[in-house]
Amino acid sequence: MVGYVFYLDRFNGNLRGLLEKLDYLEELGVTYVHLMPCLKPRPGDSDGGYSVMDYRQINPALGTMGDLETVAAALRQRGMSLCVDLVLNHTAKEHDWAQRARAGVAPYTDYYWMFTDRREPDAFETTLVEIFPAHAPGNFTWYEDAGRWVWTTFNEHQWDLNWTNPQVMIEIIDVMLFLANRGVGVVRLDAVAFMWKRLGTRCQNEPEVHQILHALRAASRIAAPALIHKEEAIVSPQDLIPYLGSGIHTGKEGNLAYHNSLMVQFWSALATRSTKLMTHVLASHFPKNFVNATWATYLRCHDDIGWAITDEDAGALGISGPAHRNFLAEFYTGSFPGSFARGDLFQSNPLTGDKRNSGSLASLAGLESALEAGDDRAEATAIQRILMGHALIASFGGVPLIYMGDELGLLNDLSYLEDDHHKHDSRWMHRPKFDWVKAERRAAPGTIEAQLFGGIRHILTRRKAMPGFHADAPTELLQTETDGIFAFRRTGPIQPVVALFNFTENWLAVPRSWAAAVGVRDFVDHLSQGHVDTPNDVIALPPYARVWLT
Ligand code: GLC
Ligand code: GLC
């Protein structure tokens with residue numbers, strides 16, 4: 001499986017427009033299509049569609065429920081899965097339930113978290129964090145007409161649902177099965193970490209969240225057993241694992257979850273040219289595989305990058321956590337001396353020192369600065385960085401997700417600053433309109449587009465040919481002794497595959513004896529489909545090399 005993630009309006013207008021572009025997706029190797037939020041959003045700013053006012057209607061700008069069913073059928077014919085967002089932590093304040101709750105109508109007043117005074121909100125606020133401190137500070141909003149404070153973790157217009165109310169669960173299960181009946185194959189359960197509130201905690205990843213998700217999965221197993229649950233939890237490694245099932249939830253919770261740590265460590269290692277922290281984190285916190293579940297691997301998505309590296313992990317390598325996170329934020333805005341990246345900050349919080357970043361894959365990886373400088377060598381290097389990343393997410397284990405336009409090297413798009421509904425949110429800089437003129441250039445050898453699109457397609461084709469990359473094949477991290485090289489072994493049914501990645505712009509070497517000791521026998525690289533020579537008894541790895549060795 002290979003996923004592709006995109007906004008319908010920004011890709012080719014609407015649902016009908018998508019039908020015209022299925023050949024394009026098939027050419028790339030895509031078998032799973034995630035339509036960014038397409039259910040009816042509130043008018044005006046809707047947090048990119050994550051503020052839903054009607055779960056049973058398609059956003060009229062994108063088409064109708066009938067169009068969605070047509071798309072689902074067309075995808076099915078090509079062996080492609082349809083993934084749709086199910087936002088279940090909150091609804092838009094314009095949702096029918098919320099409007100009734102606001103008017104004081106039972107039972108809807110129990111669908112949300114509403115308070116007549118500040119006592120409880122104040123008590124909760126002592127331990128809550130702010131998700132959008134810059135444009136939506138605090139976690140509660142006062143509504144004069146209702147005479148109530150309402151829990152609004154994200155934006156003011158996104159009202160948190162009260163999952164202690166069993167009626168909420170029944171409503172959402174009903175919506176979930178409604179979508180499955182329209183032909184949706186994967187539900188992306190948005191912001192699940194926040195579903196349960198407990199005084200004195202951050203109100204994230206509470207045990208009840210897993211019980212609810214377990215119950216949702218049981219419901220679809222009974223009524224729509226092919227439905228895949230993808231859980232969006234951008235949390236620390238320890239908190240993330242239960243979403244794919246551990247302990248009593250093994251094999252029973254999410255089927256897919258974003259590998260946020262792999263993504264963060266990819267960018268961290270690119271900036272530092274050191275793979276020690278990456279290897280340490282991925283080796284010490286994650287199981288080698290899951291039961292009935294796997295990762296969604298990715299390099300970029302529609303959201304910001306939060307530098308989720310703990311002080312303990314940084315400390316284990318003698319690095320200061322706050323200093324390293326601050327360095328990464330500065331590096332990926334491009335302000336750190338020598339940085340190849342072009343990006344921006346997202347929601348920096350002066351109180352906590354927390355800084356996150358926005359930026360497209362290509363711009364963060366150095367393509368924008370190379371083009372700006374007219375530097376051919378830097379351009380070639382940026383392309384190698386990007387392809388190395390794609391080879392990483394294709395082989396690490398799980399379903400790689402390609403974010404719209406990354407296969408063509410789309411750069412940061414600053415036009416969001418002219419849009420009143422978007423200018424407060426720098427995540428829009430990496431949500432560019434798809435560029436079909438650039439897409440045409442994928443057929444012109446030597447262009448950036450041809451190198452990236454062709455390179456990614458090649459990686460995906462080779463991946464498909466490797467039984468060792470099946471999601472059931474464990475991923476074991478390997479220590480290489482050569483800093484700058486990241487390595488793991490996949491032990492599939494036939495023979496182990498050892499994947500090596502050079503995170504630097506220098507040639508690096510790995511001893512032949514090391515490779516033999518971790519199971520490399522015939523010294524074939526299945527990515528370039530060539531024999532790897534080992535003069536001087538070393539495997540020589542060019543800048544940003546990636547090899548899949550048996
Ligand atoms: C998820 C989405 C993000 C959105 C948030 C609130 O994290 O990915 O874009 O802002 O949920 O719905
Ligand atoms: C998500 C994540 C957070 C992200 C936010 C909006 O739920 O928890 O990391 O910044 O929503 O993008």
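Values below: every heavy atom of this structure, side chains too, minus hydrogens, waters and symmetry copies. Read the numbers this way: they start at 1 and go in the same order the structure lists the ligands and their atoms.
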Chemist: So, regarding R431 and ligand 1 (criterion: nitrogen or oxygen to nitrogen or oxygen, under 3.5 Å), is there a contact or not?
Modeler: no

Chemist: Could you check whether W267 and Y332 have their ring centres less than 6.0 Å apart?
Modeler: yes

Chemist: Check this for me: does any side-chain nitrogen of one of R325 and D354 sit under 4.0 Å from a carboxylate oxygen of the other?
Modeler: no

Chemist: Among R188, E231, E232, which one satisfies side-chain hydrogen bond (donor to acceptor under 3.5 Å, both in side chains) with Y258?
Modeler: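 When side-chain hydrogen bond (donor to acceptor under 3.5 Å, both in side chains) is applied between Y258 and each of R188, E231, E232, only R188 qualifies.
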
Chemist: Using the rule side-chain hydrogen bond (donor to acceptor under 3.5 Å, both in side chains), only one of R427, H421, H157 pairs with D47; which is it?
Modeler: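 Answer after filtering R427, H421, H157: R427.
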
Chemist: For D303, counting its heavy atoms only, list the atoms of ligand 1 lying under 4.0 Å from any of them.
Modeler: 2 (C), 3 (C), 7 (O), 8 (O), 9 (O)

Chemist: Tell me whether the NZ or CZ atom of R300 lies within the 45° cone about the ring axis of Y298 and under 6.0 Å from its centre.
Modeler: no

Chemist: Is there a heavy atom of R188 sitting under 4.0 angstrom from any atom of ligand 1?
Modeler: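 Yes; R188 lies near enough to ligand 1 that a heavy-atom distance drops under 4.0 Å.
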
Chemist: Give the numbers and elements of all ligand 1 atoms closer than 4.0 Å to a heavy atom of F132.
Modeler: 10 (O)

Chemist: Check each of D47, D190, V192 against atom 11 (O) of ligand 1 and report the one with the nearest heavy atom.
Modeler: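 Of the listed residues, D190 has the closest heavy atom.
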
Chemist: Report, in ascending order of atom number, the atoms of ligand 1 lying under 4.0 Å from any heavy atom of H90.
Modeler: 6 (C), 12 (O)

Chemist: Assess the pair W149 and F140: is the distance between their ring centroids shorter than 6.0 Å?
Modeler: no

Chemist: In ligand 1, which numbered atoms sit nearer than 4.0 Å to a non-hydrogen atom of H302?
Modeler: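 Contacts of ligand 1 toward H302, numbered from 1: 2 (C), 3 (C), 8 (O), 9 (O).
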
